[in-house]
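Only heavy atoms go into these numbers, but all of them, side chains included; no hydrogens, no water, no symmetry mates.
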Amino acid sequence: MSKILDNLKKMQDKKYAEFQVKLIPTVDKKTIIGTRTPELKKFAKELLLGSQINVSKNVLTKTKGMALNGDVEKFLNELPHKYFDENQLHAFILSEIKDFDICIKRVDEFLPYVDNWATCDQLSPKVFKKHKEKLLKYINKWIKSKKAFIVRFAIGMLMQHFLDEDFDKKYLNMVSDVKFGVSKVYTKTKPLQEKISVEIDPDKYYVEMMRAWFFATALSKKYKETFPYIKNKALNIWTHNKAIQKAVESYRVSDKNKAELKKYRI
């Protein structure tokens, strides 16, 4: 047993593990140790403290003088992990890496092994905020993936980093055009009824839920630019209605806009 896994098991909270089993139904309950999130975040920072060391340009020229070493390097290389908690810790470690080139490389390596919404959504590298142009190139690749949680992560990064000062309507198009989930669309002559759930198709559910979340957030920040996607029914029925629901529930959307959105429920 590795030292890191040994420490995770020492932090086990069995009641929390039982709670997580219900919260994350797509993960094998036998892989959930039950380490609480605050403890995982603290552990990730402790592991990185002193691990991101300055090195000579002659030793590592491609990573701008920053490298990982020791147990952290070994842990990040041990993919796939056996336990859910290891994936969570992996995500929190990556989120704290300060060098963009190292971080993006490690994220790209890790994403194919992400198999649940919690790890996907908690993977949020702070350094991405300072390198959006470089990040966008990866988002363009990830969003075309055939793996559900890579697509979800791409949409999440667009939502987190590109709906404010860096907003462009093309990002709305990118998410609207995602074809990973259900493909049925609304027609005036015959409204198509859809049902999507974790039980029916977890991959589609988690991609479509993120698309709905993205558009609800866009409605709260860029209503004028985003509303036409609702008015023109650019999304499938399930995502269209879920985006409206989330927007209506948001305190950041005005009462006037909420009233308008409610008229477009299908």
Side-chain angles (χ1 to χ4, degrees), residues 1-17 19-21 23-24 26-131 134-135 138 142 147 149-150 152-153 156-157 160:
M1 182 187 299
S2 71
K3 289 187 290 185
I4 288 178
L5 179 57
D6 188 28
N7 282 323
L8 290 176
K9 291 190 173 184
K10 287 179 180 178
M11 293 185 279
Q12 182 181 45
D13 183 327
K14 292 185 178 180
K15 288 186 177 180
Y16 186 63
F19 168 74
Q20 286 185 306
V21 167
L23 193 64
I24 315 168
T26 58
V27 172
D28 183 350
K29 64 180 181 181
K30 294 179 181 179
T31 69
I32 297 179
I33 296 171
T35 315
R36 288 185 173 273
T37 298
E39 292 297 318
L40 283 170
K41 289 183 176 180
K42 180 181 178 182
F43 189 30
K45 290 180 180 179
E46 289 175 351
L47 287 170
L48 278 174
L49 188 62
S51 180
Q52 298 186 82
I53 59 173
N54 291 320
V55 296
S56 167
K57 290 183 179 180
N58 294 326
V59 177
L60 195 62
T61 59
K62 294 183 179 180
T63 55
K64 300 178 181 178
M66 191 69 73
L68 300 175
N69 67 358
D71 290 339
V72 175
E73 184 80 19
K74 182 179 178 181
F75 175 74
L76 295 181
N77 288 333
E78 291 176 346
L79 289 171
H81 296 302
K82 179 179 179 180
Y83 293 96
F84 164 76
D85 306 61
E86 289 180 296
N87 282 327
Q88 291 289 86
L89 179 64
H90 197 125
F92 290 133
I93 289 174
L94 297 187
S95 297
E96 296 293 332
I97 292 178
K98 298 176 181 179
D99 184 284
F100 177 82
D101 292 326
I102 293 177
C103 184
I104 198 71
K105 178 179 180 295
R106 288 293 186 175
V107 168
D108 205 32
E109 292 171 348
F110 180 54
L111 282 176
Y113 301 98
V114 174
D115 61 358
N116 67 89
W117 69 264
T119 303
C120 180
D121 295 0
Q122 289 173 332
L123 176 58
S124 181
K126 298 174 183 178
V127 73
F128 282 3
K129 187 177 182 179
K130 299 179 180 179
H131 301 272
K134 289 183 179 180
L135 173 62
Y138 283 86
W142 294 332
K147 289 184 175 289
F149 291 104
I150 295 181
R152 181 180 172 100
F153 181 73
M157 290 299 98
Q160 184 174 337

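At least one side-chain heavy atom of Asp108 sits less than 4.5 Å from a side-chain heavy atom of Trp142. The shortest distance between side-chain heavy atoms of Val72 and Leu48 falls below 4.5 Å. In this structure, Val21 and Leu23 have side chains that are not in contact, with every pair of non-hydrogen atoms separated by 4.5 Å or more. Tyr16 places a side-chain heavy atom less than 4.5 Å from the side chain of Thr37. No side-chain heavy atom of Thr31 sits under 4.5 Å from any side-chain heavy atom of Glu86. In this structure, Lys130 and Phe100 have side chains that are not in contact, with every pair of non-hydrogen atoms separated by 4.5 Å or more. With a 4.5 Å cut-off on side-chain heavy atoms, Phe84 and Asp28 do not count as touching.
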Inset, instruction - Given salt bridge (Lys or Arg N to Asp or Glu O under 4.0 Å), test Asp101 with Lys105 step by step and report yes or no. - result: CA-CA 6 Å; Asp101 292 326; Lys105 178 179 180 295; over 6 Å; no
Legend entry - Leu79/His90 under side-chain contact (heavy atoms from CB on, under 4.5 Å): CA gap, chis, key distance, verdict: CA-CA 10 Å; Leu79 289 171; His90 197 125; 3.8 Å; yes
Legend entry - Test side-chain contact (heavy atoms from CB on, under 4.5 Å) applied to Phe43 and Ile4, step by step: CA-CA 9 Å; Phe43 189 30; Ile4 288 178; 4.0 Å; yes
Inset, instruction - Show the numbers, then the answer: is there a side-chain contact (heavy atoms from CB on, under 4.5 Å) between Phe19 and Lys15? - result: CA-CA 6 Å; Phe19 168 74; Lys15 288 186 177 180; over 6 Å; no
Legend entry - Asn87 and Phe110: CA distance, side-chain angles, deciding distance, side-chain contact (heavy atoms from CB on, under 4.5 Å) verdict: CA-CA 9 Å; Asn87 282 327; Phe110 180 54; 3.5 Å; yes
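Side chain of Asn7 to backbone of Lys3: a donor-acceptor contact under 3.5 angstrom is found. When atom types are taken as modelled, the side chain of Gln12 and the backbone of Gly34 share no donor-acceptor pair closer than 3.5 angstrom. A donor-acceptor contact shorter than 3.5 Å is absent between the side chain of Thr119 and the backbone of Asn116. Remark: the backbone N or O of Ser124 is paired with a side-chain donor or acceptor of Ser95 at under 3.5 angstrom.
In this structure, CG in Leu8 is found 10.5 Å from CD in Gln88, a value given to the nearest 0.5 Å. Rounding to the nearest 0.5 angstrom, the gap separating the CZ atom in Arg36 from the CD atom in Gln20 is 8.5 Å. Summarising the geometry, atom CG belonging to Leu76 is positioned 10.5 Å from atom CD1 belonging to Ile102; distances are rounded to the nearest 0.5 Å. Atom CD1 of Ile150 sits about 10.5 Å away from atom OH of Tyr113, to the nearest 0.5 Å. In this structure, NZ in Lys45 is found 12.5 Å from CG in Leu40, a value given to the nearest 0.5 Å. Here the CG-CD1 distance, from Leu47 to Ile93, works out to 5.0 Å after rounding to the nearest 0.5 Å.
Annotation for Ala17 and Ile33: closest pair CB-O, 3.7 Å, computed over non-hydrogen atoms. Scanning both residues, Trp117 and Phe149, for their nearest heavy atoms gives N-CE2, 3.4 Å.
A salt bridge between Lys9 and Asp85 is absent, with no side-chain N of the basic residue lying under 4.0 Å from a carboxylate O of the acidic one. In summary, Glu109 and Arg106 engage in a salt bridge, as defined by a charged side-chain N under 4.0 Å from a carboxylate O.
Contacts of Tyr138 classified as side-chain hydrogen bond (donor to acceptor under 3.5 Å, both in side chains), with partners at least two apart in sequence or in another chain: none. For Lys14, there are no salt bridge (Lys or Arg N to Asp or Glu O under 4.0 Å) partners two or more places apart in sequence or in a different chain.
Classification of the Phe75-His81 ring pair by plane angle, with boundaries at 30° and 60°, yields parallel.
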